[in-house]
Amino acid sequence: MHNDNNIPEKLLKPYSAKDTESRIYAEWLESGFFNPDICVEKGVTKADAEPFSMVLPPPNVTGTLHTGHALMLVIEDIMTRYARMQGKRTLWLPGTDHAAIATQSKVEKILEKEEGKRKQDLGREEFLARVNKFAQESHDTIVGQAKRMGASLDWSREAFTLDATRNLAVRTAFSRMYNDGLIYRGHRIVNWDPKGQTVISDDEMVYVEEKTKFYYLKYGPFTIGTARPETKFGDKYVVMHPDDARYANFKHGDKLTVEWINGPIEAIIIKDEAIDMEFGTGVMTITPWHSVVDFEMAERHKLDKEQIIDKYGKLLPVAGEFAGMKITDARAKIIAKLESKGLVEKTEDYVHNIATAERTGATIEPQVMNQWFVNVNKPIAGRGNKTLKELMLEPIREKQIEILPDRFENVYYNWVNNLRDWCISRQIWYGHRIPVWYDKDGAIHVPKERRILLARHGESEANKLRLFAGGRSQSPLTDTGRAQAKELGEKLKSENITKIISSNLPRARETAEIIAKELGIDPSSIEEWSDYREYEVGDLENTPWPEKGIPFRTAIASQKGENLAQIEQRVVSVFKKLESVETEGTLLMVGHNGFNCCMKAHIEGVQKERFVEFAELCTMENASTHEFMLMQNPTEENLTQDEDTLDTWFSSGLWTFSTLGWPQKTHDLKMFHPTSVLETGHDIIFFWVARMILMSTYLIGEIPFKTVYFHGLVRDEKGRKMSKSLGNIVDPITLIDKYGTDALRMAMIVGVGPGSDSNLGEEKIKAYSKFANKLWNIARFVMENTTKLDTTQAHTLDTEDQATIDEINSLLKEITKEMNEYKFYLVAEKLYHYTWHTFADIVIERSKNKIASGTNSESAQQMLVTALPLLLRALHPFMPYITEELWNTVYNDKNLLLVEEWPCKI
RNA sequence: GCGCGAUUAGCUCAGUUGGUAGAGCAAUCCGUUUACACCGGAAAGGUCGCAGGUUCGAGUCCUGCAUCGCGCACCA
């Protein structure tokens, strides 16, 4: 009996998120509107619209998404949908992070648990295959979860920190930094993780409080204090402050013999201002191999350094009778021996912080090792003699990058100012192998950048007659074509071309020869590559071009020649071959329009499914060129590559531009970099944010993003950190199953400002699932009560209804301003409150009387049909599923709400 | 040790440039059953951590203190 007004059946039932969400997400994907190019192609975004771009902080492929990820996806999706509705050319770019150490140790644990094996039992190759399989599974889970959150990510541009494109970026970055002297290899003190058997960076350590003993030991005429007697075997330098009156008799460089753990030793007096006169006795001996501070002192005074502890935490032969013992076992025995020799003066209880590895929990043992470092203090000629440190500080100080909330600026400055050289080599298998090769003399070889020009042949007979000329056509050049080739040759004289490769088809070959003659290159040196020929068109060969559209599209659609997969395979093999071509200067490749476009698409990272659209946009004229580059690994004989891999943050640091195709000069890079916003957790400000600023300012002279928005930690409903041991971890997908994505999104965003932690309880989510239903019923009420309204004519609003519309418009103005200030938490709350407690409780109630009585009935109805779409549009970024579903139900002839206009322009 | 943040109703938190304290949940009372019981209405509930200061006026600005939390550094 409800349904006498043609109200859709589904609207009569309560809102069911479950039945709606997957269907709506599929519709969004189908539309292609997550991809900004398709938005332009289909005319929902203007080609000259202002770009908005953001990269997704790539989740680690170590498992599944947690509530922190969910919050990140919610905030970023709100930003993205808002930008898209404002008509911006909007790109939100997805990806995942290989998270080298984290992922490898996870797989190691599984291997240990399930098969009782260590990675060495499998070998590098087999082990990496296991890691890749694990990473792939994690990736699939993560992508599935992100989709359920409603994330409007452009999946066609998805990236991985360890894929081929990103590897090119890593090798390019490494080589440029190496050639600028910013990356060096050296024996320096590093943080060694004895359990993980790898070096880690300063930021991958956590300090843990430890209760231990502090020993006062007799060392000749001195008493020295130490908490680590097991490092003291080789200690022959005794250090004091130059101003310490107590030790004024001793001069720097004095030598004296003292009785020590394993007999007498010649000690040397060193005076250094790093000594704290107040601490202990004001005298210490130093162990440069196993202490950062001691190492620095030893460097200042050019002292000897000796290793005492090996990679596994065992004592070396220098320890005499203690050699081979684990340091943890040795300590008590060493003290016992010192006591028996009467060298222990006293022992105190002592509390201090010890450095542990974040991933493995092992106590860090500083070691001097030959590792790779990024020098943060070296002036860079190409960057105005600024150091990397200065490059990192400048954009923040000069407000080119805005940080929200701004209190994190100080945290950032503090960290950069204390920054030491960044150790980037890791002794693990999973990751980007360090792109360095050693010859038998130990000399270092790094990849070289090779510049390549793609050219298209001059006009051919077939071109002139507008006929298909594919991979078998022998169609020769026309006179015009020869003239074009000659002209191109002239133009290329300034390009330092030293080698030419040509397709094996006559029109390309002839073009190449004409160019060679112009450039003074021996035509017989031209290499012919048959797999660089034009794509095959089957029996379309020599038939006329289609009336409309491009020949490539028709050829692929005809399925008579090569398919996209075959073409892509050929593109990949050409690139593979290019990697071993040797020449000093620029390499010229003379080929064909269609295949060159596919080469360009490959360079730009376009998926083969979109090669055709890409080719349409990027058609090459006869005798035109396109530049790109590739990195060539060294080809000398008998080279061995460095065994180590790079710190995962090295590749993450390139993320804003490696995802856009850098080092190629891609269309995406020009359009979308610097990115508009970086939204991430404040816990990775140093790991990631700082390193992106470093890499971007150094490598491309551009900031990576204009605004940084930090979100806080998601805690449980009682404000406790979620942890396995507390058993209070909630899975966002479980919550979605129960309450719907929109409810979860609202619960996560309302009241959660930048930088502050938030509590997520089920009650809150439940409340917003009720709100979803309320919105559902509002739409139903509006539909049911306005079906008789003649929408072909405008109805005048009475004062009251006009006031309602004015009120909504002023609310929209207010929230638009707040959206632009990133105050999403306020906007969500205001929309919620207005919709429920003003619009539903007051406005709709009032309209009931008017509609029932017939007095000003049309005004009330007009007001309702005006107000509803305004609210749906404004709520869309926050509750995308239900608003889209209602939009489609009520306005089924229109665009998806996804690409509708934001209801307020200011 | 240095720095940062928090402290507002029973709970969780808003409070934008200083102008009579606000929401959700919980608890209380009443109502309604054709937009919605995943509902409506009403009332209740706070010396805004403490102490000073600036101001006509301070939750908001300044100083100090307390408690909780976080980050950085670390001395053998």
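Quick note on labels: first sequence line is chain A, next is B, and so on, each numbered from 1.
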Checklist entry - Does B/rG64 pair with anything, Watson-Crick or G-U wobble, both distances under 3.5 Å, and if so, with which nucleotide? => result B/rC50
Checklist entry - Taking the nucleotide of RNA chain B with the closest heavy atom to each, which residue, A/Ile354 or A/Pro14, is nearer the 5' end? => result A/Pro14
Next on the checklist: Looking only at the side chain of A/Glu818 (C-beta and beyond, no hydrogens), which of the listed nucleotides B/rC38, B/rA35, B/rU16 gets closest?
Outcome noted: B/rU16
Item to check | B/rU8 versus B/rG24 - spacing of their C1' atoms, nearest Å | outcome: 15 Å
Checklist entry - How would you label the contact of A/Ser769 with the nucleic acid (heavy atoms, under 4.0 Å): base, sugar-phosphate, or nothing? => result base
Checklist entry - Should the pair A/Lys817-A/Glu814 be classified as a salt bridge under the 4.0 Å nitrogen-to-oxygen rule? => result no
Checklist entry - When the ring centroid of A/Tyr412 is compared with that of A/Phe686, is the distance short of 6.0 Å? => result no
Item to check | Between B/rC11 and B/rC2 - C1' atom distance, rounded Å | outcome: 35 Å
Checklist entry - For the rings on A/Tyr768 and A/Tyr832, is their centre-to-centre separation under 6.0 Å? => result yes
Checklist entry - Between atom CG in A/Asp294 and atom C1' in B/rC74, what is the gap in whole Å? => result 14 Å
Checklist entry - With a non-hydrogen cut-off below 4.0 angstrom, is A/Ala779 in contact with a base, only sugar-phosphate, or nothing? => result nothing
Checklist entry - For B/rC13, does OP1 or OP2 lie under 4.0 Å from any side-chain N or O of A/Asn759? => result yes
Next on the checklist: Classify A/Asn353 by what it touches in the nucleic acid, base, sugar-phosphate, or nothing, heavy-atom distance under 4.0 Å.
Outcome noted: base
Next on the checklist: OP1 or OP2 of B/rA73 versus the side-chain N and O atoms of A/Tyr207: is any pair under 4.0 Å?
Outcome noted: no
Next on the checklist: OP1 or OP2 of B/rC4 versus the side-chain N and O atoms of A/His682: is any pair under 4.0 Å?
Outcome noted: no
Next on the checklist: My understanding is that a pair needs two contacts under 3.5 Å, Watson-Crick or G-U wobble. By that rule, which nucleotide pairs with B/rC11?
Outcome noted: B/rG24
Checklist outcome for this item: In whole angstroms, the gap separating P of B/rC25 from NZ of A/Lys766 amounts to 11 Å
Checklist entry - Regarding A/Ser201 and A/Glu204, is there a side-chain donor-to-acceptor distance under 3.5 Å anywhere? => result yes
Checklist entry - Using the C1' atom in both, what is the distance from B/rG19 to B/rU60, to the nearest Å? => result 11 Å
Checklist entry - Under 6.0 Å between ring centres, would you say that holds for A/Trp260 and A/Tyr219? => result yes
Item to check | base_contact_polar (B/rC36 base, A/Lys774 side chain, donor-acceptor, <3.5 Å) | outcome: yes
Next on the checklist: What contact category does A/Leu826 fall into here, base, sugar-phosphate, or nothing, at under 4.0 angstrom with non-hydrogen atoms?
Outcome noted: sugar-phosphate
Next on the checklist: Applying a 4.0 Å non-hydrogen cut-off, can you work out what A/Lys848 is touching in the nucleic acid: base, sugar-phosphate, or nothing?
Outcome noted: base
Next on the checklist: Under 4.0 Å, heavy atoms only, any strand: does A/Val750 hit a base, just the sugar-phosphate, or nothing?
Outcome noted: nothing
Checklist entry - At under 4.0 Å between heavy atoms, what does A/His352 touch on the DNA or RNA strands: base, sugar-phosphate, or nothing? => result sugar-phosphate
Next on the checklist: Going by purine N1 to pyrimidine N3 plus the second Watson-Crick contact, or the G-U wobble pair, all under 3.5 Å, which nucleotide sits opposite B/rA35?
Outcome noted: none
Checklist entry - Using the C1' atom in both, what is the distance from B/rG49 to B/rA58, to the nearest Å? => result 16 Å
Checklist entry - For A/Glu807 and A/Tyr834, does a side-chain donor sit closer than 3.5 Å to a side-chain acceptor? => result yes
Next on the checklist: Return the pairing partner of B/rG3 with a 3.5 Å limit on both distances, Watson-Crick or G-U wobble; otherwise return none.
Outcome noted: B/rC70
Checklist entry - Looking just at side-chain N and O atoms, do A/His241 and A/Asp272 make a donor-acceptor pair shorter than 3.5 Å? => result no
Next on the checklist: Tell me whether the side-chain N/O atoms of A/Trp415 come closer than 4.0 Å to OP1 or OP2 in B/rA73.
Outcome noted: no
Checklist entry - Taking atom C1' in both B/rU20 and B/rC36, what distance in whole Å separates the two? => result 37 Å
Checklist entry - Rounding to a whole Å, what distance do you find between A/Trp836:CH2 and B/rG24:C1'? => result 11 Å
Checklist entry - Over how many whole Å does the gap from A/Met205 atom CE to B/rA73 atom C1' extend? => result 11 Å
Checklist entry - To the nearest angstrom, how far is A/Phe781 atom CZ from B/rC38 atom P? => result 20 Å
Next on the checklist: Measure CG/A/Asp272 against C1'/B/rC75 and give the value in whole Å, please.
Outcome noted: 13 Å
Checklist entry - Out of B/rA35, B/rC72, B/rC75, which has the shortest distance to the side chain of A/Ile778? => result B/rA35
Item to check | Identified side-chain hydrogen bond (donor to acceptor under 3.5 Å, both in side chains) partner of A/Arg715 from the options A/Asn728, A/Asn759, A/Asp757 | outcome: A/Asp757
Item to check | Rounded distance (Å) that lies between atom P of B/rU16 and atom NZ of A/Lys830 | outcome: 11 Å
Checklist entry - Looking across every strand, which nucleic acid part, if any, lies under 4.0 Å from A/Glu845 by heavy atom: base, sugar-phosphate, or nothing? => result base
Checklist entry - How far does the P atom of B/rC48 sit from the matching atom of B/rG59, given to the nearest Å? => result 7 Å
Next on the checklist: Once you apply a heavy-atom cut-off of 4.0 Å, does A/His837 come out as touching a base, just sugar-phosphate, or nothing?
Outcome noted: sugar-phosphate
Item to check | Base-pairing assignment for B/rG40 (Watson-Crick or G-U wobble, both under 3.5 Å) | outcome: B/rC30
Next on the checklist: Can you measure A/Tyr832 atom OH to B/rG24 atom C1' for me and round it to whole angstrom units?
Outcome noted: 6 Å
Checklist entry - Base, sugar-phosphate, or nothing for A/Asp841, non-hydrogen atoms under 4.0 angstrom? => result sugar-phosphate
